[in-house]
Amino acid sequence: FKTIFDQARMGIAQISKDGHFLEVNPRLETITGYSRKELLQKNIIELFGKGQAENIINNPKKCSIAFSKKNEETVYTNVTSSVLEKNDSPISYIALIEDDTERKKTKDALVDIQSKMEMAIRVSNLGYWEWNVENDSVTWSDVLYNLFDLSPSTPITSELVLSLFHPEEAQAYLKQIKNLLKGHKMKTKVFRMLTKKGKNLYVLAHTESEKNNLGKTIKIKGSILNVTKEKESEKELKKSYKLLLDQNERLLNFSYIVSHNLRSHTSNISSILSLLRETTSYEDQKELMGSLQLVTASLDQTLYNLNEVTNIQRKKSLLIKPLSIKKSIEKVLELLENKIQEKKATITCSIPSKITITFNPAYFESIVLNIISNALSYSDLSRPPVIKIRYSKDTEYHIIEIEDNGIGIDLEEYGDNLFNIKSSLNGKGMGLFMVKSQIEVLGGKITCNSKLGEGSVFKLFFKKNTS
């Protein structure tokens with residue numbers, strides 16, 4: 001017994017009925033910082049305090065006691081006391097004193113870390129979830145219920161979770177969860193999701209698995225961060241970047257006009273004026289004056305077109321209103337009546353009268369006029385022009401197709417510059433560039449599919465929600 005007493009890993013003390021230490025082991029000396037001699041001169045009230053000492057004497061049982069060591073360092077202990085009796089009468093007490101300081105400090109540190117993590121989660125709006133695979137129970141943090149517009153009492157099922165994913169994302173997420181169950185790792189990824197009210201969300205999701213000692217997955221847990229604002233900002237940034245690129249392209253186009261088209265006109269005028277100064281023949285002068293008129297008229301048209309394009313780009317607001325597509329097209333066809341008859345063209349419009357778009361009336365007529373006028377001007381001389389106008393729509397655009405059986409366009413040669421000012425496609429460049437500018441200024445776009453000798457199909461995309 002003496003050996004066990006001296007070598008025990010916990011403090012042991014024999015205490016008298018009045019609370020004095022009768023015997024202590026070496027471990028208790030270490031725990032308290034006092035020597036055996038010092039402890040035998042003390043009452044437990046001096047060491048533990050009156051209230052805690054009374055628990056040992058009057059209520060022998062296991063209890064937690066904190067006290068100050070000799071060096072005033074706080075010690076946390078678990079004390080188990082029992083009564084030593086003789087003839088059913090207590091003669092002393094035995095106290096087993098276990099140093100719990102390190103465990104208490106670790107526990108306090110964990111509580112502090114947990115508190116800080118909870119605060120960080122609240123500040124960052126980071127949602128946490130956990131799926132216990134063994135009993136198929138799911139735990140969500142409050143952030144997730146708020147994020148998806150769900151009541152905290154809502155039962156979380158796999159069906160509910162999948163319904164919160166965008167239809168195009170649900171199967172991809174399900175596949176990754178299955179891979180986690182098989183032991184694979186899952187990369188942090190952005191998913192499109194939906195709240196219970198149908199609001200779109202972008203979330204950054206991180207998921208990982210927890211295995212038991214046998215390597216079997218017992219839990220899958222993850223965190224979700226709402227990055228919708230960041231994703232929307234990214235979209236706006238990309239839109240701004242595209243706008244910058246488009247503006248730069250337009251700047252290059254205008255630079256081309258100044259350096260090429262205008263210079264060409266001024267060079268022609270200069271040459272004609274030089275010839276006029278040198279010739280004395282009335283007939284030659286008359287012919288040169290006719291050429292000068294043609295060149296100046298061409299220069300005037302170029303300047304007008306250039307001014308028209310700059311006006312389109314400069315306008316910050318335009319009159320837009322609902323337009324009947326069919327009526328607006330009929331109005332354009334009336335303007336082209338003479339040219340249609342001259343070419344003996346057949347034009348069919350299969351668009352119902354009730355179909356409308358919201359657009360600027362003048363721009364719409366100008367766009368259609370340019371496309372149909374080009375179809376008539378560049379028709380195949382071996383056959384009468386046939387022009388078909390159709391309508392369709394998708395989730396974002398009203399689409400008008402204008403198909404002709406003209407000479408067609410070599411898209412391999414002209415495709416990249418078809419809608420640029422510098423396109424040298426038999427003079428179509430400026431007209432098609434104006435069409436592109438007019439439709440894009442209100443959020444639309446234009447495409448062309450064409451084959452030499454067969455004809456062309458121009459598709460005009462008009463934004464449904466134009467503002």
Side-chain angles (χ1 to χ4, degrees), residues 1-119 121 128 130 132-137 139 141 210-216 218-219 221:
F1 177 79
K2 176 65 174 172
T3 301
I4 294 171
F5 184 82
D6 289 340
Q7 295 183 7
R9 297 182 65 182
M10 65 173 60
I12 304 175
Q14 184 181 6
I15 303 167
S16 68
K17 288 168 52 176
D18 61 359
H20 283 88
F21 286 104
L22 300 176
E23 189 58 78
V24 296
N25 71 344
R27 178 59 180 158
L28 188 59
E29 293 179 68
T30 303
I31 293 173
T32 62
Y34 291 101
S35 68
R36 176 178 177 275
K37 183 179 179 181
E38 289 172 318
L39 285 171
L40 295 181
Q41 294 174 355
K42 285 182 177 292
N43 189 292
I44 60 173
I45 293 176
E46 297 175 63
L47 186 63
F48 299 139
K50 185 176 180 180
Q52 297 184 126
E54 287 177 349
N55 279 335
I56 296 174
I57 300 297
N58 299 328
N59 301 297
K61 60 181 180 179
K62 186 173 182 179
C63 58
S64 295
I65 291 178
F67 62 91
S68 295
K69 293 175 65 172
K70 185 177 180 179
N71 62 4
E72 297 187 355
E73 180 183 339
T74 301
V75 182
Y76 298 91
T77 62
N78 292 320
V79 179
T80 303
S81 60
S82 57
V83 182
L84 287 178
E85 296 179 337
K86 185 176 183 179
N87 298 326
D88 295 327
S89 179
I91 57 172
S92 64
Y93 301 91
I94 292 293
L96 305 178
I97 302 170
E98 179 187 10
D99 188 349
D100 196 42
T101 305
E102 289 304 316
R103 191 193 68 81
K104 178 71 166 56
K105 287 181 178 178
T106 302
K107 182 181 177 182
D108 289 346
L110 287 173
V111 170
D112 183 57
I113 290 171
Q114 184 177 358
S115 175
K116 289 177 180 177
M117 286 182 64
E118 288 176 352
M119 183 177 69
I121 287 171
Y128 175 81
E130 183 177 289
N132 187 317
V133 178
E134 293 184 318
N135 60 24
D136 198 27
S137 62
T139 304
S141 67
E210 181 179 321
K211 297 179 176 63
N212 60 15
N213 294 334
L214 300 175
K216 180 182 177 183
I218 57 173
K219 284 183 182 178
K221 50 194 176 181

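Throughout, numbering of the chain's residues begins at 1 and tracks the sequence.
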- Item | Exercise: do N78 and S64 side chains pair donor with acceptor under 3.5 Å | yes
- Message: Ignoring hydrogens and geometry beyond distance, is a side-chain donor-acceptor pair present between N135 and S137 at under 3.5 Å?
- Response: yes
For the residue pair [X] and [Y], what are the closest heavy atoms and their distance?
{"X": "A95", "Y": "V79", "value": "CB-CG1, 4.3 Å"}
{"X": "S92", "Y": "S16", "value": "CB-CA, 4.5 Å"}
{"X": "E38", "Y": "K70", "value": "OE2-NZ, 2.8 Å"}
{"X": "A13", "Y": "V24", "value": "CB-CG1, 4.1 Å"}

- Message: Apply side-chain contact (heavy atoms from CB on, under 4.5 Å) to residues L96 and I12 and explain how you reach the verdict.
- Response: CA-CA 5 Å; L96 305 178; I12 304 175; 3.8 Å; yes
- Task: Could you list the residues that satisfy salt bridge (Lys or Arg N to Asp or Glu O under 4.0 Å) with K219, not counting sequence neighbours?
- Result: E130
- Task: Please name all residues satisfying salt bridge (Lys or Arg N to Asp or Glu O under 4.0 Å) with D99, sequence neighbours left out, ordered by chain then number.
- Result: none
[X] atom [atom1], over 12 foreign heavy atoms within 6.0 Å:
{"X": "K107", "atom1": "NZ", "answer": "no"}
{"X": "D88", "atom1": "CG", "answer": "no"}
{"X": "L110", "atom1": "CG", "answer": "yes"}
{"X": "E72", "atom1": "CD", "answer": "no"}

- Task: Start with the C-alpha distance between R103 and T106, add both sets of side-chain angles, then the distance that settles side-chain contact (heavy atoms from CB on, under 4.5 Å), and finish with yes or no.
- Result: CA-CA 5 Å; R103 191 193 68 81; T106 302; 5.6 Å; no
What distance separates [X] [atom1] from [Y] [atom2], expressed to the nearest 0.5 Å?
{"X": "K42", "Y": "K37", "atom1": "NZ", "atom2": "NZ", "value": "13.5 Å"}
{"X": "I44", "Y": "S81", "atom1": "CD1", "atom2": "OG", "value": "8.5 Å"}
{"X": "L39", "Y": "T32", "atom1": "CG", "atom2": "OG1", "value": "4.0 Å"}
{"X": "L84", "Y": "Y93", "atom1": "CG", "atom2": "OH", "value": "10.0 Å"}
{"X": "K69", "Y": "Y34", "atom1": "NZ", "atom2": "OH", "value": "10.5 Å"}
{"X": "F21", "Y": "E46", "atom1": "CZ", "atom2": "CD", "value": "9.0 Å"}

Output yes when a side-chain donor or acceptor of [X] lies under 3.5 Å from a complementary backbone atom of [Y], and no otherwise.
{"X": "D100", "Y": "K104", "result": "no"}
{"X": "E54", "Y": "G51", "result": "no"}
{"X": "N25", "Y": "M10", "result": "yes"}
{"X": "Q52", "Y": "F48", "result": "yes"}
{"X": "N71", "Y": "E73", "result": "yes"}

- Where do I57 and I15 land on the side-chain contact (heavy atoms from CB on, under 4.5 Å) test, with the steps shown first? CA-CA 9 Å; I57 300 297; I15 303 167; 4.2 Å; yes
- Message: Any heavy-atom pair between the side chains of I65 and N55 that's under 4.5 Å?
- Response: no
- Any salt bridge between R36 and E23, counting N to O under 4.0 Å? yes
